[in-house]
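To start, the structure itself, in C-alpha cells.
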Amino acid sequence: MSARISLGSAGAIAWLVLIYLFVLGPAAVVIIGSFNTATSFPSDFEGFTFGWYAQLGEHPEFLDALFVSIQIGAIAAFVGSVIGIPVALALARYDFRFKGMITAFIMAPLILPQIVLGMAMLQLLTALQLPATFLGLALIHAVFVMPYVVRAMLSCLTGLSPSVSEAAASLGANAWQRFLLITLPITRAGIMAGFIFAFIMSFINLPLSLFLTTPTSTTLPIRMFAYMESQIDPFIAAVGSLTVIAVIAGSFFIEKILKVRLLA
Amino acid sequence: MTESTAKLASAISKPSGRRWRRRRSGTWGTGQARLLLLPALAFLTLFLVLPLGITLYNSFLASPVLAKPDGYFGAANYVYISGTGIYIDIIIRTLRICAFVVIFTILFSYPTAFIFRRYARLGSGSAILILSFPMLAGPLVVVLGWMILLADGGPVNSWLMWLGITSSPIEILRSEAAIIIALVQFTLPFAVLNIFNALSQVEHHLIEAARSLGASPLRRFWHVILPLSLPGVLSAAVITFSLAISSFIAPAYLGGGTKLVMTTLISETILGSYDLAMASTIAVVLLVFSLTVVIAMNSALTRHAARR
Amino acid sequence: MNWLEFRNVSKQFSGHLAVDDASFSAQEGEIICLVGPSGCGKTTALRMIAGFETPTSGEIWLGGHEVSTLPAHKRNIGITFQNYALFPHMTVAANVGFGLRMRKFGREESRAKVAAALAMVRLDGLDARYPSQLSGGQQQRVALARAIVIEPVMLLLDEPLSNLDAMLREEMRVEIKEIQSRLKITTVFVTHDQEEALTISDRIAVMQAGQVVQEGTPVEVFERPQHSFVASFIGQSNLLRGVAAAEVDGHVGMRTHSGIDLHGRPIKPIEPGTPALAVIRHSRVRVEKPDSPDSDGSDKAGPNVFSGRVELINYLGDSVQYVCSLGDAERIIATVAIANAADIALAAGDDVRISWPAGDCLVVADASMPDQDDD
C-alpha cells in the first residue's frame with residue numbers, strides 16, 4: 001500500500017515537474033539568455049554578462065516607451081479603480097434586476113479580443129476625426145483593466161458583512177462617511193491589489209495599443225514588438241526580463257503583503 | 001432622552017428628510033446600486049459599446065478592394081469574405097487552433113489541478129502563484145521564449161534529434177503546431193486555477209462517504225469527483241477558448257506571415273492597407289464566433305448549476 | 001402615548017412578503033420583544049425601524065414623528081447586530097466613539113462618554129484592543145456600548161444572545177435588562193427564543209409568517225394566547241388536535257383525533273364540530289400513581305383525568321420530565337418541580353393517573369399549521 005502511494009506521488013511529482021518546465025521554460029530561456037555573452041539566438045551559454053542590460057542606456061526609445069507605459073498603466077488603473085470600486089460595492093451589497101446581465105457586461109472586456117477593442121477605439125477616434133492619441137490609448141486601457149479592479153475588490157468585500165456599514169449608518173454616518181471611514185479603510189488591501197493588478201495588466205498589454213500608438217506615445221510592448229520584427233537578440237531578452245522582474249515583484253507584493261488572492 | 005428627541009425631530013423636519021420621503025417607489029437599495037453602477041455603465045457605453053457600434057457600422061461600408069460606388073451601405077464585405085478561399089481558410093484555421101488548444105489545455109490542466117488538490121499544501125501555497133506567473137509576465141516575453149526554444153537550430157530541435165525522433169532539424173516555427181504549443185502553455189494556468197477551484201469545492205465528506213460505501217479510488221473519481229468538477233472544466237474551456245481566439249502575439253510571431261488567424265488578419269488589414277471597412281467586418285465575424293461559443297458554453301454551465 | 005408605533009407595515013422583497021400588515025407598539029422606556037421562528041419577519045421589522053429597509057406600505061412612528069422613509073443615519077437609533085458588526089479596523093474606544101465623532105463631539109467630552117459607556121458594560125481597560133482580540137461576549141458588550149453612547153431615541157437588539165454560550169447568555173440577559181432599565185431606553189429585542197422573550201420583556205409581539213399574531217404582556221401571551229400558533233410557540237406545551245364539542249358548565253368539550261374526550265377553557269367562543277387544538281403546559285400536568293390518595297379533592301373520575309403509562313423519564317435537575325403515553329396515540333409530557341429527592345416517585349413503565357385542571361387546558365381553533373413539536 002505504502003509503496004503504491006509513493007509510486008503515485010512520484011508520478012505526481014514527475015508530472016508537476018514537466019508541467020512547470022513547460023509553463024516556466026520559455027520565460028526562463030529569455031532570462032537566462034539575457035545574461036549570455038553570445039550575440040544571437042539560439043546559442044549555447046557562452047559566458048555571463050550584464051552587458052545587455054547596460055545597452056538599455058543606448059536605446060532612449062525604450063526608456064521613452066517605458067515611461068509612456070507607466071503613465072498609461074497608472075492612468076488606466078486609476079480610472080479603472082474610480083469606476084470599478086463602486087461597481088464592486090454595488091455587486092457585493094445589493095440585489096437588483098438584471099444583475100447577471102449587468103455583471104456580464106461590465107466583465108465583458110475580459111473576454112473580448114483585445115485587438116478588436118483597440119481597433120474599435122481607433123474607429124471611434126476616426127469617426128470623431130481625432131488623431132490617434134495618448135488619451136485614446138489610456139481610455140481603452142482603462143476599459144480593459146476595470147474588470148480586474150472589480151474582481152480584486154469583490155474578493156475583499158465578500159468577507160465584509162454589510163451590517164458593519166449599517167452599524168455606521170445607525171450611528172449617524174451618511175453614505176460618504178460610511179464609504180470613507182468604514183468601507184475604504186477595511187478594503188484598502190483590495191483596492192491596492194486591484195490598482196497594482198490593473199497596472200500590470202495594462203503594462204504588459206500589446207494588442208490594445210497596436211493601432212493607437214504614435215511616434216510620441218509608443219508603449220513598451222509595442223516598442224519590443226517592433227524590435228522583434230527585425231531581430232531577436234539578448235538585448236530584447238534583457239528588456240523582457242526587466243518587465244518580468246517588475247511584474248513578479250508587484251504580484252508578490254499583492255499576494256504576500258496585501259494578502260489578496262489575485263487569481264483564485 | 002428629551003435632547004435626543006429634539007435631535008430626531010429636527011432631523012425629520014429638515015428638507016433632506018422630505019426628499020427621502022418622497023422616494024417611495026423602489027427600494028432604497030436599488031437606487032443606491034444604480035448610483036454606484038452609473039459611472040461604469042456610462043464609461044463602458046462611451047468607450048466600449050459606441051466604438052464597437054461604429055465598428056459594426058463600418059463593416060457595412062464597402063472595402064476599397066470591392067470597387068463599390070461611394071455611399072454604399074450593405075453586406076458586400078461579408079459576401080466577399082464568405083466567398084473568398086483565403087478568408088475561409090483563415091477562419092477555419094483559427095477555429096481549428098482553438099479546438100486543439102482547448103483539448104490539450106484541459107488534458108494537461110485537469111491532472112495538474114487534481115494533484116494540487118490531492119496535496120493540499122501545494123494548492124494553498126505558492127505553487128499556483130508560480131504556475132500562473134507567465135500570465136502575469138505577459139505573452140510577449142513568453143512568445144520570445146518560444147521563438148528561441150522552437151527555432152530551427154534551437155533546443156527543442158536538439159532534443160528531438162537526441163531522442164532520435166528526427167534526424168535533421170524540422171521547422172516548428174511558422175507552423176500551426178508552434179501556435180498551439182505556445183497557446184496551451186499560455187492558457188494552462190487559467191484552466192488549472194478554474195479546475196482547482198471546482199475541485200476544492202468538492203467536499204471531502206462526499207469522497208469519504210463514497211469511500212465508506214466501498215467505492216474504489218477509480219470509481220470515486222469517476223462517479224463523485226469528475227461529475228462534480230465538470231462545471232469547472234467547462235468554465236476552464238470557456239476561458240481557454242476565449243483566450244485562444246483572442247490571442248494575437250503568439251500567432252503573429254510563431255505562425256509567421258503565412259499562418260494568419262483572424263486577429264493577425266485584422267492587424268494585417270489595418271497596418272498593411274488601412275482598410276477599416278474590411279478589418280471591421282473581420283472583427284465582427286471574430287466577435288460573433290467568440291461570443292457564440294462563450295455564451296453557449298456559459299448557458300450550458302448555468303443550466304448545469306440550475307439542475308443542482 | 002406610544003413611543004414606537006409600527007402601523008400596518010408590510011415589506012415585499014421581490015415576490016416574497018417578509019412582513020405582512022404587522023402592527024405593534026411600545027411605550028416610552030419599555031422593552032418589547034419580537035419573537036417568532038426564523039423567517040417570521042422579525043429581523044425585517046427591526047431593520048425597517050432602524051431604517052435599513054423602507055416599508056412597502058404602512059407607517060412607522062417614533063416619538064410622535066413618522067420616520068418610515070427617513071434614512072438610517074438620521075434616526076438616532078442604536079442597534080446591535082447578531083454578528084456584532086464591530087469595525088474591524090478600529091480599537092474598542094474608536095468603535096464606541098464613532099457615533100460621537102459623527103455628532104462632532106469634542107475630544108474630551110467624547111472620551112468621557114466612551115469611558116462611561118464602557119464602564120456601564122463593564123469593559124473598562126480594553127479601550128486599546130481591536131475587535132479581533134476580544135471574545136464573543138466582549139464584542140457584544142462593545143456593540144452595546146457603541147449603541148447606547150449616542151443616547152439614542154431607541155435601542156434595537158437583533159438576537160443579542162444567540163451567539164453566546166449558555167452561561168454567558170444568562171449573565172448578558174440580566175445585564176441588558178439592567179442597563180435598559182437604568183437608561184429607561186425604549187428597546188426592541190428580537191429573538192427566536194420564547195423563554196428569553198418572556199423573561200426580558202415588558203411586551204411581546206409574537207410573529208409568524210410576517211404577521212404579528214399576538215401582542216401583549218408576557219403574562220397575557222403566556223396565559224391567554226389568542227391564536228393556536230402563540231399557544232404552541234410560547235411555553236412548553238402538550239398539543240392535542242381534535243374537534244370541538246359542546247360546552248359543558250363553562251368549559252368547552254373536545255374530542256381528540258385519537259378519541260380522548262377532554263374539557264378546556266376556550267379563548268374565544270368555538271363552534272362545535274370545528275377543528276380545535278388543546279394546549280396544556282408541561283408544568284400544569286399532574287402525574288400520580290393510580291392509587292395515590294386524592295389529596296386536593298380533585299375528581300378521580302372527572303373530566304381530564306386519564307390513565308396512562310410512564311414511557312421515559314428525563315431528569316432536568318430542578319425538575320423532572322415524565323413522558324407518558326395516553327391511550328393509543330397520544331403522548332403527554334409532564335414537568336414536575338423537584339423539592340426533594342423523594343419527589344421522583346415514578347419509574348418508566350409505571351401505570352399512572354394523568355390529569356390537568358380544565359382551566360389550564362386551552363382550547364383554540366386550530367389554524368392548521370404544520371405540526372410544531374412541543375418544545
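Order of the sequence lines sets the chain letters (A, B, ...), proteins ahead of strands, with each chain counted from 1.
In plain terms, the two heavy atoms of A:Val143 and B:Phe47 that are nearest each other are CG2-CB, 3.7 Å. Shortest non-hydrogen contact noted between A:Ile204 and B:Ala137 is CG2-O, 3.7 Å. Considering every non-hydrogen atom in both A:Pro26 and B:Leu149, the closest pair reads CA-CD1, 3.9 Å.
Ranking B:Ile54, B:Leu44, B:Leu41 against chain A, the residue ahead of the rest is B:Leu44, based on heavy-atom pairs under 4.5 Å. For chain A, the option among B:Tyr57, B:Phe186, B:Tyr253 with the highest count of heavy-atom pairs below 4.5 Å is B:Tyr253. The residue among B:Asn58, B:Val142, B:Leu46 with the most heavy atom pairs within less than 4.5 Å of chain A is B:Asn58. Heavy-atom pairs under 4.5 Å with chain A were tallied for B:Ser109, B:Ala279, B:Ser290, B:Ala252; the largest tally goes to B:Ala279. Ranked by heavy-atom pairs under 4.5 Å with chain B, the list A:Val239, A:Ile245, A:Val23, A:Val87 is led by A:Val23. Each of B:Val294, B:Leu56, B:Leu271 has some count of heavy-atom pairs under 4.5 Å with chain A, and the biggest count is that of B:Leu271.
Counting heavy atoms from C-beta outward, B:Phe43 and A:Leu139 have side chains that approach closer than 4.5 Å. Residues A:Ile111 and B:Phe241 have side chains not in contact (no heavy-atom distance under 4.5 Å, counting atoms from C-beta outward). A:Ile85 places none of its side-chain heavy atoms less than 4.5 Å from the side chain of B:Leu36. Annotation: side chain of A:Phe105 is in contact with side chain of B:Val49 (closest heavy-atom distance under 4.5 Å). Side-chain contact between A:Val116 and B:Leu52: present, with at least one pair of heavy atoms (C-beta onward) separated by less than 4.5 Å. At a threshold of 4.5 Å between non-hydrogen side-chain atoms, the residues A:Tyr20 and B:Ile130 count as touching. Looking at heavy atoms from C-beta onward, A:Ile19 lies in side-chain contact with B:Leu131 at the 4.5 angstrom threshold. The closest side-chain heavy-atom distance from B:Leu48 to A:Leu112 is below 4.5 Å.
More than 12 heavy atoms of other shown residues, nucleotides or ligands fall within 6.0 angstrom of atom OH in A:Tyr227. Within a 6.0 Å sphere centred on CZ of A:Phe78, heavy atoms belonging to other residues, nucleotides or ligands number 12 at most.
Exactly one of A:Leu89, A:Ile83, A:Ile102 qualifies for a side-chain contact (heavy atoms from CB on, under 4.5 Å) with B:Leu37. That residue is A:Ile102.
Using a 4.5 Å cut-off between heavy atoms, B:Tyr274 contacts chain A through its side chain alone, with no backbone atom that close. Contacts of A:Ile106 with chain B are made by both backbone and side-chain atoms, with heavy-atom separations under 4.5 Å. If you measure heavy-atom distances from B:Leu150 to chain A, you find no contacts under 4.5 Å at all. At a 4.5 Å heavy-atom cutoff, A:Ala28 makes no contact with chain B through either its backbone or its side chain. Interface residue B:Ile270: only side-chain heavy atoms are found under 4.5 Å from chain A. With a threshold of 4.5 angstrom between heavy atoms, B:Leu286 approaches chain A through side-chain atoms but not through N, CA, C or O.
Here the two rings, on B:Phe116 and A:Trp15, have centers that are 6.0 Å apart or farther.
With rounding to the nearest 0.5 angstrom, the CE atom of A:Met228 is 4.5 Å from the CG atom of B:Leu144. The CG atom of B:Leu140 sits 7.5 Å away from atom OG1 of A:Thr243, with the distance rounded to the nearest 0.5 Å. Distance CD1/B:Ile115 to CD1/A:Ile13: 9.0 Å, rounded to 0.5 Å. The line from CD1 of B:Ile249 to CG of A:Leu206 is 4.5 Å long, rounded to the nearest 0.5 Å.
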Test side-chain contact (heavy atoms from CB on, under 4.5 Å) on A:Val29 and B:Trp146 and set out the steps.
CA-CA 9 Å; A:Val29 169; B:Trp146 283 118; over 6 Å; no

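Side-chain contact check for A:Gln123 and B:Ser280: at least one donor-acceptor pair (N or O, by modelled atom type) lies under 3.5 Å.
Relative ring orientation between A:Phe225 and B:Phe248 is described as tilted, the plane-to-plane angle lying within the 30° to 60° band.
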